[in-house]
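To start, the structure itself, in structure tokens.
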Number of protein chains: 2
Amino acid sequence: MTTIYDVAQRAGVSPATVSRALSGAKGVSEATRQKVLAAAKELHYSPNYIARSLKKRQTNTIALIISDITNPFFTTLARGVEDKASEHGFNTIFCNTDEDPKVEAAYVELMLRRQVDGLLISSCSDGESLRLLARKDVPVVLVDRRITHSRWDYVIGDSEYGAYALTRHLIEVHGKRRIAIISGPLVLSTSRERIEGYKRALREAGVVLSPEYIRVGAYKEEFGYQAMRELLAGSFSVEAVFAGNNVIAVGVIRAARELGVRVPEDLALVTFDDFDLLSALFPFLTAAKQPAYTIGAIAVEMLLERIRGEKIRERREVVLRPEIIIRKSCGCP
Amino acid sequence: MTTIYDVAQRAGVSPATVSRALSGAKGVSEATRQKVLAAAKELHYSPNYIARSLKKRQTNTIALIISDITNPFFTTLARGVEDKASEHGFNTIFCNTDEDPKVEAAYVELMLRRQVDGLLISSCSDGESLRLLARKDVPVVLVDRRITHSRWDYVIGDSEYGAYALTRHLIEVHGKRRIAIISGPLVLSTSRERIEGYKRALREAGVVLSPEYIRVGAYKEEFGYQAMRELLAGSFSVEAVFAGNNVIAVGVIRAARELGVRVPEDLALVTFDDFDLLSALFPFLTAAKQPAYTIGAIAVEMLLERIRGEKIRERREVVLRPEIIIRKSCGCP
DNA sequence: CTGAAAGCGCTTACAG
DNA sequence: CTGAAAGCGCTTACAG
């Protein structure tokens, strides 16, 4: 491996000068710079960023901790993160927690050891596994899910609004009353806020439902499936379902299909998060589509500001309104 | 930041001993180890992996260079990579090239500077942009796309077989003859091999077509769209289309829809790569589904073997057969 | 079993 | 403008 010393020798200058010339620092004469550049080229010199990172205490790397890159919402968010980060010379390490707080905590610990300059986190807990992070002063921006009692900036979609709009649509346009919600766990802000929005729409319409209509579990396909089966098996005569997110929606559809329940004829369905490609091919699901790419891109910008050490005292809270896309699954033509 | 020196002082031993105790090396007495562990804990010591990487000349990091994480095939492949890599204590840096060789070359260069221990690459060129890599002896495993004249291991799907099976299905089961292919660029092995498979099926069936039925372009939605429009506008009376990959298929469907051409009634469609979620919800597209997750996982294992320096002389060529999933878009009930 | 010392490949005050 | 020197935080022969 050729180092800065080899280049220095070849160019007949000191390593310090090579470093300056290569980094484009000013105090270097043009002649020297050319000599160094030529030597570096001849030797196919490639600087070692690990050494630089150690010295500068900056790695130009950020971590993105999410539940699953395979979830289209996170895929798009991740792309937004990668694009914006690399635009600024940062690379991104991706971590999938599969909604397991233990895995999340382990990844956070590992990323800290790797000296990432900052972290983007969609936490699968209410911050419990992030307690060790709170003690450090490494920059963090929360994405998709906020943690109320933390001081970190966040960029999220407006869950309350999306849920409200979706539920209200079912009530007003389609005259549904018996609307169930199949929600993620209450430790997550998205779940709580979507339930709030759902409740507000019902309240405004004067609909009173048994608590059984609210199913709280996990953002997992299997939970959507189970919950839907239970709802269909019970004597609730559910007319419509609000799936807490796209993964749950998949389970809901599977359950409905198995039981011969047709969507939307027998059961109206609305959901959070869109499936981009699917919707391009088969515009079917009525959904609250969050600006996933933008969430990722904005989060990176905010993180980089913190990394640069810009003095921003207050916690920044960015809440982006989802787009309500009316298609067929709710019963619209 | 607390370092190994702080821990050493606290434990009343030398930094060398701390290093040994923490790394679990053997030559350390149990008593000393406990003292060190206790001191490390009290001080919330977190080892700096950058320093370790510099010394050990190993970063435990690999790079995954693909065209677009947003493409479901690569999303799943990436998940396979991340799972397998982290299982072995490696982290993954993701790079999206958007099929631009310049971007690819820049990423490769950058990853080398970052001292990744190895690279997984789905190259968007025929290796041109990887020329500088060929000179180094950093481990590389090609995924999804092979480069014939290189010495690197690869893990890919069997494009020739998949294309053959798909085309043959159109001919034998549906009696189609006028089958067009909308293919990616010829610099990519996947394109060439899919065209080969397509041609073999036609040849065996004694079908002779004008070269106009073969459209070569890019793995881009826009190209699928344009090519489909041209095919439909011409006097080819195309009965069926083989879309070179999933992205092209999306463009094909958009074009057909715009022109009021129904799939499969007016036009049969088969494609490479499945859309996992979409297919779970709407089983419609007949496709050659490549084992994307497995491709990623196997590629990592092979890469790690190279990184460990295991002496494997020959180039390893893993070709995984895609599953032919017959659904409705080809005309099957 | 333990420690002193060198070194991984850079950057950057400090002098001149 | 240029160089000698120190140091980033580890690991690991080499001694003892």
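We name chains A, B, ... by the order of the sequence lines, and we start the count at 1 in each one.
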- prompt: Now, which nucleotide makes the Watson-Crick or G-U wobble pair with D:dC14, with each of the two distances under 3.5 Å?
  reply: C:dG3
query: What's the closest nucleotide to the B:Ile4 side chain, out of C:dA13, D:dT11, C:dC10?
result: D:dT11
query: Does B:Arg20 or B:Pro47 map to a spot on DNA chain D nearer the 5' end, using the closest nucleotide for each?
result: B:Pro47
message: Side-chain N or O of A:Ser29 versus OP1/OP2 of D:dT2: is the shortest distance under 4.0 Å?
response: yes
- request: Could you pick out which residue, A:Arg57 or A:Glu30, lies toward the 5' side of DNA chain D when each is mapped onto its nearest nucleotide?
  value: A:Glu30
message: Heavy-atom nearest nucleotide on DNA chain C for B:Ser14 versus A:Tyr5: which residue maps closer to 5'?
response: B:Ser14
- prompt: How far does the C1' atom of C:dG16 sit from the matching atom of C:dT12, given to the nearest Å?
  reply: 16 Å
query: Would you say D:dT2 has OP1 or OP2 under 4.0 Å from some side-chain N or O of A:Thr32?
result: yes
task: Rounded off to whole Å, could you give me the CD-to-P distance for the B:Gln9 and C:dT2 pair?
output: 18 Å
- request: Starting from P on C:dG9, measure out to CZ on B:Arg114 and report it in whole angstrom.
  value: 18 Å
task: Please test B:Arg151 against B:Asp137 for salt bridge (Lys or Arg N to Asp or Glu O under 4.0 Å), starting from the C-alpha separation and ending with a verdict.
output: CA-CA 11 Å; B:Arg151 57 181 160 71; B:Asp137 56 332; over 6 Å; no
field: Atom-to-atom span, CD1 of A:Ile50 to C1' of D:dC10 - whole angstrom
entry: 13 Å
- prompt: Rounded to the Å, how far apart are A:Asn48 CG and C:dG7 C1'?
  reply: 14 Å
- prompt: Between B:Phe74 and B:Asp144, which heavy-atom pair has the shortest distance, and what is it?
  reply: CZ-OD2, 3.6 Å
message: If I pick the P atom on C:dG9 and the same atom on C:dA13, what distance separates them, to the nearest angstrom?
response: 23 Å
task: Respond yes when some side-chain nitrogen or oxygen of B:Thr17 is under 4.0 Å from OP1 or OP2 of C:dG3, and no when none is.
output: yes
Between C1' of C:dT12 and CD of A:Gln58, the distance in whole Å: 16 Å
message: Would you say B:Tyr49 places a side-chain N or O within less than 4.0 Å of OP1 or OP2 belonging to D:dT11?
response: no
message: Under a 3.5 Å threshold, yes or no: a donor from one side chain and an acceptor from the other, between A:Ser53 and A:Gln58?
response: no
message: Can you measure A:Met1 atom CE to C:dG9 atom C1' for me and round it to whole angstrom units?
response: 9 Å
task: Using the side-chain hydrogen bond (donor to acceptor under 3.5 Å, both in side chains) rule, pick out the option among A:Arg113, A:Arg114, A:Gln115 that qualifies with B:Tyr49.
output: A:Arg113
- request: Check the distance between C:dC8's P and A:Leu54's CG and give it to me in whole angstrom.
  value: 13 Å
Given A:Arg145, A:Arg316, A:Arg146, the one that forms side-chain hydrogen bond (donor to acceptor under 3.5 Å, both in side chains) with A:Tyr154: A:Arg146
- prompt: Quick one: is D:dT11 close enough that its OP1 or OP2 comes under 4.0 Å of any side-chain N or O from B:Ser19?
  reply: yes
query: Does B:Lys84 come within less than 4.0 Å of B:Glu87, counting only side-chain N to carboxylate O?
result: yes
task: With DNA chain C as reference, determine whether A:Lys56 or B:Pro15 sits nearer its 5' end, using the nearest nucleotide of each.
output: B:Pro15
message: Distance check needed: D:dC10 C1' versus B:Arg52 CZ, whole Å only.
response: 8 Å
